[in-house]
Amino acid sequence: MLKRDFFARSVHEVAPELIGATLLVDGVGGTIVEVEAYDQGDPASHAYGGPTARNATMFGPPGHAYVYRSYGIHWCLNLVCGSGNDAEAVLIRALEPTAGIELQQQRRGVEDLRKLCSGPGKLCQALAITGKHDGLPLDQLPFQLKERREVPQIVTGPRIGITRAAELPWRYGLLGSPFLSRVLRSA
DNA sequence: ACCGCGATGCACT
DNA sequence: GTGCATCGCGGTG
């Protein structure tokens with residue numbers, strides 16, 4: 001299990017190490033295959049411009065979940081990193097489903113495994129992550145984060161769906177995975 | 001393969 | 001009022 005110390009480092013160290021780790025919420029989830037890093041002073045980050053009610057969790061201690069509503073419809077999950085109060089977080093963008101697949105299919109209304117968790121909004125729907133998870137510690141139920149066993153091959157590229165600082169190659173993916181939100185070519 | 005759009009909430013100007 | 005760290009659908013190559 002990943003402990004809080006794991007997250008108490010620069011988001012740029014933590015983000016690539018999350019590829020291959022296992023994320024479960026109430027026993028449902030899979031292998032992390034795609035993430036994005038957002039750091040302090042990043043114009044694309046919710047924390048850019050200082051603390052607000054929405055981003056308060058990002059300014060709190062590492063090892064906690066930051067969950068926000070996206071486009072009024074979806075939820076997105078971040079894992080807070082850094083030494084504390086420095087507003088760094090990793091956006092979880094895609095999983096390869098491995099646990100509770102039937103439940104995920106039911107929640108998503110789709111059968112195709114590649115469509116269950118291939119996007120930040122999709123995986124929150126599949127794992128039933130909502131605003132009530134915002135601020136919860138990652139080393140306690142309902143969360144379970146398991147360290148990867150082997151170092152996977154990782155591809156980097158620009159982040160997705162942002163306009164500011166879009167050129168920064170802070171998206172990390174598992175090489176060749178069919179469960180990514182979009183194809184990732186080396187940058 | 002890409003492009004446009006609507007749904008819907010809320011932080012911020 | 002504007003702009004999103006999105007998704008799914010329908011249109012066009």
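Below, chains carry the letters A, B, ... as their sequence lines are ordered, and counting in each starts from 1. What you see below is based on every heavy atom in this structure, not just the backbone, and it leaves out hydrogens, waters and symmetry mates. Source: prediction; values computed, not measured.
- If you measure from atom CD1 of A:I129 to atom P of C:dC7, you get 13 Å, rounded to the nearest angstrom.
- Each of A:K122 and A:L77 was matched to the nucleotide of DNA chain C holding its nearest heavy atom; the match closer to the 5' end belongs to A:L77.
- With rounding to the nearest 0.5 angstrom, the CE atom of A:M58 is 3.5 Å from the OG atom of A:S45.
- Contact annotation for A:G72: base contact, defined as any heavy-atom pair under 4.0 Å involving a base atom.
- Note on A:N78: a base of the nucleic acid sits closer than 4.0 angstrom, heavy atoms only.
- With respect to A:R182 and A:E34, no salt bridge is recorded, no charged nitrogen being found less than 4.0 Å from a carboxylate O.
- Judged purely by atom type and a 3.5 angstrom limit, A:R164 uses its side chain to pair as donor or acceptor with the backbone of A:P43.
- For the pair A:D112 CG and C:dG8 P, the interatomic distance rounds to 11 Å; values are reported in whole Å.
- Atom pair A:E36:CD and C:dC4:P shows a separation of 15 Å (rounding to whole Å applied).
- Here B:dC10 presents its C1' atom at 13 Å from OH of A:Y71, a figure rounded to the nearest Å.
- No engagement by A:R159 is indicated, since no non-hydrogen atom pair under 4.0 Å with the nucleic acid exists.
- Remark: ring of A:Y68 does not overlap the six-membered base ring of C:dA5 in a stacked fashion, as centroids less than 5.5 Å apart with planes less than 30° apart are not both met.
- Between A:D134 atom CG and B:dG9 atom C1' the separation is 15 Å, expressed in whole Å.
- Distances from the side chain of A:Y38 to the nucleotides B:dA11, C:dA5, B:dT8 place C:dA5 closest.
- Rounded to an integer number of Å, the gap from CZ of A:R114 to P of C:dC7 is 17 Å.
- Atoms CD1 and CG, from A:I129 and A:D134 in turn, are 11.5 Å apart once rounded to the nearest 0.5 Å.
- Across all strands shown, A:R171 has no heavy atoms under 4.0 Å from either base or sugar-phosphate atoms.
- As rounded to the nearest Å, C:dG13 and B:dC5 have P atoms that lie 15 Å from one another.
- In secondary-structure terms, DNA chain C builds stems of at least 3 consecutive Watson-Crick or G-U pairs, each pair having both distances under 3.5 Å, at B:1-7 with C:6-12, B:9-12 with C:1-4.
- Partners of A:R108 under the salt bridge (charged side-chain N to carboxylate O under 4.0 Å, His left out) rule, at least two apart in sequence or in another chain, do not exist in this structure.
- Checking C:dA5, C:dT6, C:dC4 against the side-chain heavy atoms of A:H74 singles out C:dT6 as nearest.
- Ring centroid separation for the pair A:H46 and A:Y38 does not come in under the 6.0 Å cut-off.
- Two residues, A:R54 and A:Q125, neighbour DNA chain C, and the one matched to the more 5' nucleotide by heavy-atom proximity is A:R54.
- Aromatic rings of A:W170 and A:H12 (six-membered ring for Trp) have centroids within the 6.0 Å cut-off, being under it.
- OP1 or OP2 of C:dT6 has at least one side-chain nitrogen or oxygen of A:R93 nearer than 4.0 Å.
- Following rounding to the nearest Å, A:Y172 (OH) and C:dA5 (P) show an atom-to-atom distance of 19 Å.
- For A:T163, counting side-chain heavy atoms from C-beta on, the closest listed nucleotide (C:dT6, B:dT8, C:dC4) is C:dC4.
- Here C:dA5 is the nucleotide among C:dA5, B:dA7, C:dG8 with the atom lying nearest to any side-chain atom of A:M58.
- For A:R108, the listed nucleotide lying nearest its side chain is C:dG8; candidates were C:dC7, C:dG8, B:dA7.
- What separates CD1 of A:I73 from C1' of B:dA11 is a distance of 17 Å, to the nearest Å.
- Here, C:dG8 and B:dC10 have their C1' atoms 22 Å apart, quoted to the whole Å.
- If you check C:dA5, C:dT6, B:dT8 against the side chain of A:S70, the one that comes closest is C:dT6.
- Atoms CG and CZ, from A:L184 and A:R93 in turn, are 10.0 Å apart once rounded to the nearest 0.5 Å.
- Not a single donor-acceptor pair under 3.5 Å links the side chain of A:R148 to the backbone N or O of A:A21.
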